[in-house]
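Only one structure is covered here, and it is reproduced in the block below.
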Amino acid sequence: MIILHKTFSEKVREKLKLIPRGRITTYREIAKAIRQPNAFRAVGNACNKNPFAPKIPCHRVVLSNGGIGGYAKGKKKKIELLEKEGIEIKNNKVIDFKEKLFRFKA
DNA sequence: GTCGTGACTAGCC
DNA sequence: CGGCTAGCCACGA
């Protein structure tokens with residue numbers, strides 16, 4: 001049997017890496033993807049404490065309501081990165097975030 | 001083992 | 001739409 005006891009952060013990172021460029025996801029979606037739909041809080045924590053900051057596209061994660069949320073390097077930086085990838089943002093909210101939302105494989 | 005904290009969310013007013 | 005509250009989870013001290 002397999003027991004890979006990965007930490008919560010590990011799982012989050014795995015999912016984060018799956019987000020394609022030009023797309024975004026929400027903390028909620030990630031929580032669901034790792035089979036812990038109620039751990040959306042911990043997801044944010046994992047990203048914030050993420051020791052591989054530049055290696056993980058954590059900037060592609062937004063709030064479930066399309067809000068930007070936060071970013072270890074500053075919300076502004078997060079917005080810029082997203083705009084660079086083709087995500088339109090206005091008033092700290094993602095435009096048509098529903099269409100750009102990336103859903104993980106069920 | 002307990003407590004506080006946070007890049008959250010949904011509900012209510 | 002904006003603000004507030006309660007519920008939720010993992011992690012470090």
Side-chain angles (χ1 to χ4, degrees):
Chain A
M1 50 210 183
I2 318 161
I3 24 166
L4 284 176
H5 196 302
K6 288 185 180 176
T7 66
F8 189 83
S9 303
E10 279 268 328
K11 296 181 197 172
V12 175
R13 274 186 264 151
E14 287 282 308
K15 300 299 173 187
L16 242 41
K17 283 190 277 192
L18 298 178
I19 306 172
R21 188 175 176 287
R23 300 268 187 199
I24 56 178
T25 189
T26 69
Y27 298 94
R28 192 51 143 117
E29 289 297 314
I30 294 175
K32 278 185 179 180
I34 62 181
R35 298 294 168 185
Q36 297 185 218
N38 283 351
F40 36 73
R41 266 268 206 193
V43 173
N45 258 344
C47 291
N48 183 20
K49 293 166 186 169
N50 165 18
F52 306 89
K55 277 196 174 186
I56 310 290
C58 36
H59 61 271
R60 290 176 189 157
V61 188
V62 298
L63 303 184
S64 63
N65 66 333
I68 300 303
Y71 195 57
K73 289 180 182 166
K75 187 162 57 180
K76 261 162 71 178
K77 191 77 182 176
K78 183 170 182 177
I79 294 173
E80 276 201 23
L81 286 169
L82 288 172
E83 288 187 324
K84 261 190 178 182
E85 306 207 340
I87 309 295
E88 293 182 77
I89 299 175
K90 182 136 192 173
N91 198 19
N92 287 323
K93 304 249 169 162
V94 179
I95 297 184
D96 297 329
F97 104 97
K98 268 202 210 162
E99 298 183 19
K100 318 220 173 199
L101 179 60
F102 171 77
R103 300 201 192 187
F104 294 94
K105 189 180 178 187

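What you see is a predicted model; the values in this text were computed from it and never measured. Residue numbers begin at 1 in each chain, while the letters A, B, ... track the order of the sequences.
Counting heavy atoms from C-beta on, the side chains of L101(A) and T25(A) come closer than 4.5 Å. Side-chain atoms of I30(A) and F40(A), non-hydrogen and from C-beta on, never get closer than 4.5 Å to each other.
Shown for residues 23-39 of chain A: residues whose heavy atoms fall under 4.0 angstrom of DNA chain C, namely Q36(A), N38(A), A39(A).
First and last contacts of DNA chain C with chain A, using any nucleotide atom under 4.0 Å from a protein heavy atom and ordered 5' to 3', fall at dG7(C) to dC11(C).
Sorted by first and then second residue, the ring-ring contact (aromatic ring centres under 6.0 Å, His included) pairs involving residues 79-106 of chain A (not counting sequence neighbours) are F102(A)-F104(A). Identified under the salt bridge (Lys or Arg N to Asp or Glu O under 4.0 Å) test for residues 92-106 of chain A, with sequence neighbours left out: none.
Between A72(A) and N48(A) the shortest heavy-atom distance is CB-OD1, 4.1 Å. Residues G67(A) and V62(A) come closest through the heavy atom pair O-CB, 3.2 Å. Closest of all the heavy-atom pairs between I87(A) and G22(A) is CD1-O, 3.1 Å. Nearest heavy-atom pair across L63(A) and T26(A) is O-CG2, 3.6 Å.
Legend: residues meeting side-chain contact (heavy atoms from CB on, under 4.5 Å) with K17(A), ordered by chain and number and at least two apart, are E14(A), I56(A). Residues passing the side-chain contact (heavy atoms from CB on, under 4.5 Å) test with R21(A), sequence neighbours excluded: R60(A), E85(A).
We find that CG of L63(A) is positioned 10 Å from P of dA10(B), with the value rounded to whole Å.
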Could you run down the sub-3.5 Å N/O contacts of the protein with nucleotides 3-6 of chain B?
| unit_1 | atom_1 | unit_2 | atom_2 | d |
| --- | --- | --- | --- | --- |
| dG6(B) | N2 | N45(A) | ND2 | 2.3 |
| dG6(B) | N3 | N45(A) | ND2 | 2.9 |

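Nearer the 5' end of DNA chain C, as judged by each residue's closest nucleotide, is the contact made by K93(A), out of F8(A) and K93(A).
Where DNA chain C pairs in unbroken runs of 3 or more (Watson-Crick or G-U, both distances under 3.5 Å), the stems are B:2-6 with C:9-13, B:8-13 with C:2-7.
When hydrophobic clusters are built by joining Ile, Leu, Val, Met, Phe, Trp and Tyr residues whose side-chain heavy atoms come closer than 4.5 Å, directly or via intermediates, I19(A) is grouped together with Y27(A).
To the nearest 0.5 Å, the span separating SG on C58(A) from CZ on R13(A) amounts to 11.0 Å.
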Which side-chain N or O atoms in residues 77-84 of chain A pair as donor and acceptor under 3.5 Å with protein atoms at least two apart or in another chain?
| unit_1 | atom_1 | unit_2 | atom_2 | d |
| --- | --- | --- | --- | --- |
| K78(A) | NZ | V61(A) | O | 2.5 |
| K78(A) | NZ | I68(A) | O | 2.9 |
| K78(A) | NZ | G70(A) | O | 3.0 |

